[in-house]
Amino acid sequence: MTYSAILPLIDTHTHFDDPVFDADRVKQLILAKRVGVQHLLLVGYLKCHFNRLFDVQKQIQQQVQNCGEQCDNPSSLQAHVALGLHPVYIDQHSDEDLQYLADNLGSQDEIIAVGEIGLDTYTSELKTVGNYAKQQRYFTAQLDMAVQRQLPVLLHIRKAHGDALKILKNHAYDAHQLGGIAHSFSGGEQEAKAFVKLGFKLGVTGQISNPNAKKLRRAIQAAVATYGVKCLVIETDCPDMTPITALSADDTYQRNTPANLMLVLASLSELLALPMDELAAQLWQNSVEALRVNWSIIN
């Protein structure tokens with residue numbers, strides 16, 4: 001797929017620090033910049049990888065600054081860090097990890113969000129009484145940190161939307177004031193509208209390109225019908241969530257990359273019947289609002 005114009009984009013959720021990118025991270029940065037990506041988030045999930053996020057952030061900034069004309073004004077591509085303890089890895093987290101996270105959120109100004117955090121009951125192991133209780137405790141503790149540090153949160157909620165909404169409704173965290181994103185949203189229509197009502201943006205991934213993802217597509221359409229396009233942001237969640245439009249006919253899996261954010265935009269544009277340039281401009285505004293930053297588009 002080709003495009004007649006480069007549209008300014010923010011990838012609100014990546015795991016671009018993953019070692020799967022070590023061999024060609026520079027190349028992928030160049031490709032991302034060429035399709036318009038100006039900012040991307042490196043999102044944490046395990047304490048043992050937190051330092052890697054900062055190392056890769058520095059590496060990205062050095063590489064982008066040094067890549068020359070290939071990047072078409074490379075200085076405008078910036079990487080940012082969010083730190084959080086992911087519910088899927090709940091058995092690997094300790095209270096010492098929680099304290100480490102709290103200490104780092106207070107000592108490093110470059111951290112722009114707490115995430116990804118939340119609840120997940122996708123597997124039988126995750127929904128055991130002990131694991132799920134620990135998930136809820138860690139979720140609440142990290143919401144407390146976000147309130148204390150006045151930072152937005154990046155939510156990972158899978159097959160636990162009702163419980164997550166209950167916790168959020170009873171917590172001091174106010175997304176209308178602090179921002180926040182329901183990352184890779186996977187709930188239904190009513191759940192989508194409930195998160196938006198609380199002040200969260202819905203994170204749309206490459207899953208939106210799958211015509212068989214009918215529940216997701218209906219949920220996004222329902223949220224937009226009620227609240228307008230201002231309730232959405234886009235993300236790649238790379239190296240996962242590869243858009244089907246990036247796959248060849250004989251390729252069932254392909255690593256996702258930040259450059260595929262343009263494919264997410266294109267699929268969302270088609271679903272909502274909105275021009276890509278208008279949608280991109282609104283998504284930029286939505287992203288800076290959700291993350292409580294003041295990033296300006298660099299032409």
Side-chain angles (χ1 to χ4, degrees), residues 11-22 40-57 79-106 108 111-146 149 151-168 171 173 180-187 200 203 205-207 235-242 253 255-256:
D11 194 340
T12 61
H13 200 109
T14 82
H15 299 289
F16 195 49
D17 60 300
D18 193 290
V20 73
F21 294 110
D22 286 351
L40 61 82
L41 268 65
L42 302 168
V43 181
Y45 57 95
L46 271 171
K47 184 259 183 183
C48 63
H49 296 322
F50 284 176
N51 286 338
R52 187 177 76 191
L53 292 165
F54 294 107
D55 290 343
V56 170
Q57 180 191 35
H80 312 271
V81 171
L83 293 185
L85 299 173
H86 195 297
V88 166
Y89 305 97
I90 194 64
D91 62 338
Q92 299 181 50
H93 302 323
S94 67
D95 286 355
E96 288 76 16
D97 295 343
L98 273 178
Q99 187 58 54
Y100 182 90
L101 175 60
D103 292 343
N104 274 270
L105 290 175
Q108 302 201 46
I111 298 170
I112 68 169
V114 180
E116 57 190 289
I117 67 173
L119 302 175
D120 194 315
T121 65
Y122 187 71
T123 68
S124 57
E125 182 178 357
L126 286 170
K127 59 186 176 184
T128 61
V129 173
N131 275 344
Y132 197 48
K134 185 178 178 183
Q135 282 189 48
Q136 294 179 71
R137 181 165 67 88
Y138 275 54
F139 183 28
T140 301
Q142 292 177 94
L143 288 173
D144 291 343
M145 294 178 201
R149 300 300 176 188
L151 292 171
V153 296
L154 309 176
L155 300 177
H156 171 102
I157 311 296
R158 185 167 57 167
K159 293 188 176 297
H161 291 84
D163 287 345
L165 285 166
K166 182 177 180 180
I167 289 172
L168 290 164
H171 196 276
Y173 184 90
I181 297 171
H183 146 68
S184 187
F185 182 77
S186 61
F200 291 93
T205 69
Q207 287 289 92
E235 55 177 275
T236 59
D237 198 22
C238 66
D240 300 319
M241 297 293 182
T242 307
Y253 173 78
R255 174 193 62 170
N256 199 8

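Bear in mind that the values here come from a model prediction, so they are computed numbers and not experimental data. Residues take their numbers from the sequence shown, with the count starting at 1.
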Would you give the length of the straight line joining atom [atom1] of [X] to atom [atom2] of [Y], rounded to the nearest 0.5 angstrom?
| X | Y | atom1 | atom2 | value |
| --- | --- | --- | --- | --- |
| E96 | D103 | CD | CG | 11.5 Å |
| R52 | Q57 | CZ | CD | 14.0 Å |
| R158 | D120 | CZ | CG | 4.0 Å |
| D91 | Q135 | CG | CD | 10.0 Å |
| L98 | L85 | CG | CG | 5.5 Å |

Answer yes or no: is there a donor N or O on one side and an acceptor on the other, between the side chain of [X] and the main chain of [Y], under 3.5 Å?
| X | Y | value |
| --- | --- | --- |
| Q142 | V114 | no |
| Y138 | H86 | no |
| E116 | L154 | no |
| N104 | Y100 | yes |
| N256 | M241 | yes |
| N131 | L126 | no |

**Message:** Would you say NZ of K134 has more than 12 non-hydrogen atoms from neighbouring residues, nucleotides or ligands within 6.0 angstrom?
**Reply:** yes

**Message:** With a 6.0 Å cut-off (strictly less than), is the heavy-atom count around CD of E125, excluding the residue itself, greater than 12?
**Reply:** no

Please tell me if the side chains of [X] and [Y] come closer than 4.5 Å, counting only heavy atoms from C-beta onward.
| X | Y | answer |
| --- | --- | --- |
| F200 | V153 | yes |
| F50 | D17 | no |
| Q99 | S94 | no |
| Q136 | L119 | yes |
| D11 | F16 | no |
| H13 | I181 | no |
| D163 | Y132 | yes |

**Criterion side chain to side chain contact (heavy atoms under 4.5 Å, CB included) on F139 and I90, from CA distance to verdict** = CA-CA 10 Å; F139 183 28; I90 194 64; over 6 Å; no

Heavy-atom closest pair, residues [X] and [Y]:
| X | Y | value |
| --- | --- | --- |
| H15 | P239 | O-CD, 3.8 Å |
| P87 | G118 | CB-O, 3.4 Å |
| H171 | T140 | NE2-O, 3.7 Å |
| E235 | T12 | CB-OG1, 3.5 Å |
| L151 | Y173 | O-CE1, 3.5 Å |
| I157 | S186 | O-OG, 3.6 Å |

**Item:** Residues F54, I111; criterion side chain to side chain contact (heavy atoms under 4.5 Å, CB included); working and verdict
**Value:** CA-CA 10 Å; F54 294 107; I111 298 170; 3.9 Å; yes

**Message:** Using the rule given for side chain to side chain contact (heavy atoms under 4.5 Å, CB included), can you reason through V56 versus H49, listing the C-alpha separation, both sets of side-chain angles and the distance that settles it, and then say yes or no?
**Reply:** CA-CA 11 Å; V56 170; H49 296 322; over 6 Å; no

**Item:** Ring geometry between H183 and H156 (parallel below 30°, tilted from 30 to 60°, perpendicular above 60°)
**Value:**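 Tilted.
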
**Request:** State which residue, out of T236, V43, L41, fulfils the side chain to side chain contact (heavy atoms under 4.5 Å, CB included) condition with T14.
**Result:**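 Testing T14 for a side chain to side chain contact (heavy atoms under 4.5 Å, CB included) against T236, V43, L41 leaves exactly one candidate, T236.
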
